[in-house]
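Values in this document were obtained by computation on a predicted structure and should not be read as measured data. Labels below follow one simple rule: chain letters A, B, ... track the order of the sequence lines, proteins then strands, and each chain is numbered from 1.
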Amino acid sequence: MHDINAIRKDPDAFDAAMATRGVSSCAADMLVLDDKRRAAIAEAQDLQTRRNEASKKIGQAKGQGDDAEAQRLMDEVAGLKEELQKAEEVERVTNAELTEALAAIPNLPLDDVPVGQDEDANVEIRRHGKPREGKAEHFEIGEALGMMDFETAAALSGSRFVVLRDALARLDRALGNFMIDLHINEFGYRETALPVLVRDDAVYGTGQLPKFAEDLFRTENGYWLTPTAEVTLTNLVREQITDAAALPLRFTALTQCFRSEAGAAGRDTRGMIRQHQFTKVELVSIVDAESGEAELERKTQCAEEVLKRLELPYRVMQLCTGDMGFGARKTYDLEVWLPGQNAYREISSVSYCGDFQGRRMNARYRHEGEKQTHFVHTLNGSGLAVGRTLVAVLENYVNEDGTVSVPEVLRPYMGGLEIIGETNG
RNA sequence: GGAGGGGUGGCUGAGUGGUUGAAAGCGGCGGUCUUGAAAACCGUUGAGCGUUUGCGCGUUCCGGGGGUUCGAAUCCCUCCCCCUCCGCCA
């Protein structure tokens, strides 16, 4: 959600920034609406003033028993009501139109975001680890182990689901536990257990609604299944005024995520890369206006640390203007090396959203002793997507004989197991 | 799912149509007093929006939305949430 006052101040700059995201100029249309809206407000307020004054006098006259005077005043303001309703209707309609228009516009990129149309214009920031060659994709490895079962999953739920068994099921759980422990013990995130079913307002607050409803699952009685814990963790502060001294707030959660993948027909149809349901550890920060960019760097490092400790090679990409998500001002993607695909694939996306979500959620903070409130700035990032991490572990740790070594840091979470696939492993 | 009771400022809680944005208390802030602190006393203390260079002025908000009325925290409709009892249930 954008601040209409900021657009009014410099509509050309707004349009220019939007152009880099592939959004055609729209400031002028909104300013027309805004003018109409403000004129209606002024008119309505003027009418209200006159009505309030008259009403007060009527009350006084009645209090003194002067019914004739009261009646005279009532006749005098009789016409006001209709006028007022008209002005209020204009105000309501224009306000709704303006809000709707503003809600459909993506966030503004920061100045240092590379301009480009799509992922080809993304910029590599750094690399870590040495990629190795591989032959097998994760589903081949998993199926050979007899622990990754897409057929049974299809019988239960259709495509884009998986059943994991035995050591792979446990590996999935181990990964989630390892990640969340790292973030709460070493990086100061507060663990949170959350609903996965939420109402419209929450999904609107983080920006998935109203534009991206088709990407979400919805229950028959109107709940949305959260596509990411970003939704719930960020909305933790909605409609509140937080004491600035309490910032930054850092939340993490391990949750199931649900995505319809409506626009992804034919992409990554095999395997666990793109599922309707997957687990993810999410990292959300609520910060003040000054700390957002530094927090983005910090959060990115928190996510990278997971890959470092798992000894998985990866690179950090900065997304260009055209490839960033709707609510983001600046985004880093972490791409893990997948030997089976001979490619880097996204495993985390860390974004700074400015006050875009704070405004939509009406989430504010205030410095002690100051009257002024400010919208909170928000950041979110995966730390990491557990399903894709499992994929990466399989492809990077598979041995010649088809067994899979368990990364050192996960062994305590696996009951000491070192190799998956050996006899009863 | 059935029946009933509620949602008022940071908190507790009055207020059932007329200077009520809202009594009172608590909490917060400032001051008097004090070597300092406490106590006591005095003052002050909600969030938006519009307008203005600014002081300010105006306006809206008593869970959300709509309605009745010259006038709504107060009456009506509707939705949401919370609580109690019953039913069901991990």
Side-chain angles (χ1 to χ4, degrees), chain A residues 1-9 30-103 193-205 209-210 218-224 232 235-247 256 355 358-376:
Chain A
M1 179 68 74
H2 290 281
D3 180 5
I4 186 65
N5 295 310
I7 298 174
R8 198 191 310 151
K9 234 183 227 167
M30 285 186 296
L31 290 183
V32 169
L33 272 176
D34 183 47
D35 283 344
K36 226 173 129 185
R37 175 183 137 266
R38 285 186 298 147
I41 289 173
E43 193 192 342
Q45 289 190 352
D46 180 53
L47 290 164
Q48 279 164 340
T49 306
R50 286 161 59 191
R51 182 202 63 190
N52 290 347
E53 281 169 1
S55 294
K56 206 173 275 184
K57 281 188 199 152
I58 291 168
Q60 284 166 354
K62 286 207 167 176
Q64 292 160 8
D66 189 348
D67 286 348
E69 174 66 4
Q71 189 57 48
R72 193 189 65 74
L73 287 160
M74 280 163 71
D75 293 342
E76 197 177 299
V77 295
L80 242 51
K81 191 182 166 189
E82 204 175 324
E83 267 185 272
L84 181 60
Q85 281 180 336
K86 238 185 265 172
E88 283 178 335
E89 178 66 11
V90 173
E91 181 189 337
R92 199 163 56 217
V93 169
T94 51
N95 195 43
E97 284 175 12
L98 184 61
T99 303
E100 191 184 344
L102 286 170
L194 297 161
V196 293
L197 259 37
V198 297
R199 50 163 95 245
D200 293 2
D201 289 345
V203 192
Y204 179 90
L209 286 185
R218 191 171 202 205
T219 68
E220 279 189 2
N221 53 355
Y223 289 112
W224 300 96
T232 29
N235 274 280
L236 250 25
V237 294
R238 66 173 296 113
E239 290 164 52
Q240 288 177 32
I241 301 175
T242 306
D243 186 354
L247 303 177
Q256 296 285 336
D355 67 0
R359 205 177 279 281
R360 294 169 86 100
M361 298 187 299
N362 194 23
R364 292 166 288 170
Y365 68 94
R366 175 163 48 201
H367 289 285
E368 198 181 339
E370 286 181 19
K371 210 175 145 86
Q372 183 72 33
T373 60
H374 314 271
F375 290 109
V376 298

(Q) On RNA chain B, compare the nucleotides closest to A:Arg8 and A:Ile58; which residue's is nearer the 5' end? (A)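 Result: A:Arg8.
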Q | 5'-most by nearest nucleotide on RNA chain B - A:Arg199 or A:Thr49 | A |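 Closer to the 5' end of RNA chain B: A:Thr49.
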Quick one: are [X] and [Y] in side-chain contact, heavy atoms under 4.5 Å?
| X | Y | value |
| --- | --- | --- |
| A:Asn95 | A:Thr99 | yes |
| A:Leu102 | A:Asp3 | no |
| A:Thr94 | A:Arg38 | no |

Q. For the residue pair A:Arg8 and A:Leu31, what are the closest heavy atoms and their distance?
A.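 Smallest heavy-atom distance, with atoms named: CA-CD2, 3.7 Å.
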**Q.** Those residues that, when tested against A:Val32, pass side chain to side chain contact (heavy atoms under 4.5 Å, CB included) (two or more places apart)
**A.**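 Partners of A:Val32 under the side chain to side chain contact (heavy atoms under 4.5 Å, CB included) test: none.
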[N] to [M] separation - [atom1] atoms, rounded to the nearest Å:
| N | M | atom1 | value |
| --- | --- | --- | --- |
| B:G27 | B:A39 | P | 8 Å |
| B:G17 | B:G71 | C1' | 8 Å |
| B:C70 | B:U20 | P | 22 Å |
| B:G64 | B:A90 | P | 39 Å |
| B:A23 | B:U78 | C1' | 32 Å |
| B:G50 | B:G1 | P | 42 Å |
| B:U44 | B:G6 | P | 35 Å |
| B:A40 | B:C26 | P | 9 Å |

Q | Flag if over 12 foreign heavy atoms under 6.0 Å of CD, A:Glu100 | A |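 No, the 6.0 Å shell around CD holds no more than 12 heavy atoms from other groups.
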Q. Chain A on RNA chain B: first and last contacting nucleotide, 5' to 3', under 4.0 Å to a heavy atom?
A.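 Range of nucleotides touched by chain A: B:G18 to B:C81.
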Q) Is B:G4 paired to anything, Watson-Crick or G-U wobble with both distances less than 3.5 Å, and if yes, which nucleotide? A)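 Paired with B:G4, as far as the under-3.5 Å criterion goes, is B:C83.
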Q | Complementary nucleotide for B:U12 - Watson-Crick or wobble, under 3.5 Å | A |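 For B:U12, the partner nucleotide comes out as B:A24, under the 3.5 Å rule.
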With the threshold set at 4.0 Å, does a side-chain nitrogen-carboxylate oxygen contact exist between [X] and [Y]?
| X | Y | result |
| --- | --- | --- |
| A:Arg218 | A:Asp200 | yes |
| A:Arg37 | A:Asp34 | yes |
| A:Arg92 | A:Glu89 | yes |

For a quick test of your reading: what N or O donor-acceptor pairs under 3.5 Å do the side chains of residues 237-245 of chain A make, sequence neighbours left out?
unit_1   : atom_1 : unit_2   : atom_2 : d
A:Arg238 : NH1    : A:Asp201 : O      : 3.2
A:Arg238 : NH1    : A:Asn235 : OD1    : 2.7
A:Gln240 : NE2    : A:Leu236 : O      : 3.3
A:Asp243 : OD1    : A:Ala245 : N      : 3.3

(Q) Any base atoms under 4.0 Å from A:Asn52, or only sugar-phosphate, or nothing? Heavy atoms, all strands. (A)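 A:Asn52: backbone/sugar contact only, no base atoms under 4.0 Å.
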Q: Just call it for A:Arg50: base, sugar-phosphate, or nothing, with non-hydrogen atoms closer than 4.0 Å on any strand.
A: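 No contact.
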Q) If you look only at pairs with a residue in residues 42-53 of chain A, which of them pass as a side chain to side chain donor-acceptor pair (under 3.5 Å), with sequence neighbours excluded? A)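 Listed by first then second residue: A:Gln48-A:Glu88.
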Q: For RNA chain B, determine which residues of residues 80-95 of chain A have any heavy atom closer than 4.0 angstrom to one of its atoms, and list them numerically.
A: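 Going residue by residue through residues 80-95 of chain A, the ones with a heavy atom under 4.0 Å of RNA chain B turn out to be A:Lys81, A:Gln85, A:Arg92.
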Q: Residues of residues 240-247 of chain A with any non-hydrogen atom less than 4.0 angstrom from an atom of RNA chain B: list those, numerically ordered, please.
A: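 Nothing qualifies; none.
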Q) In Å and rounded to the nearest 0.5 Å, what is the CG to CZ distance from A:Asn362 to A:Phe375? A)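 Output value for this atom pair is 5.5 Å.
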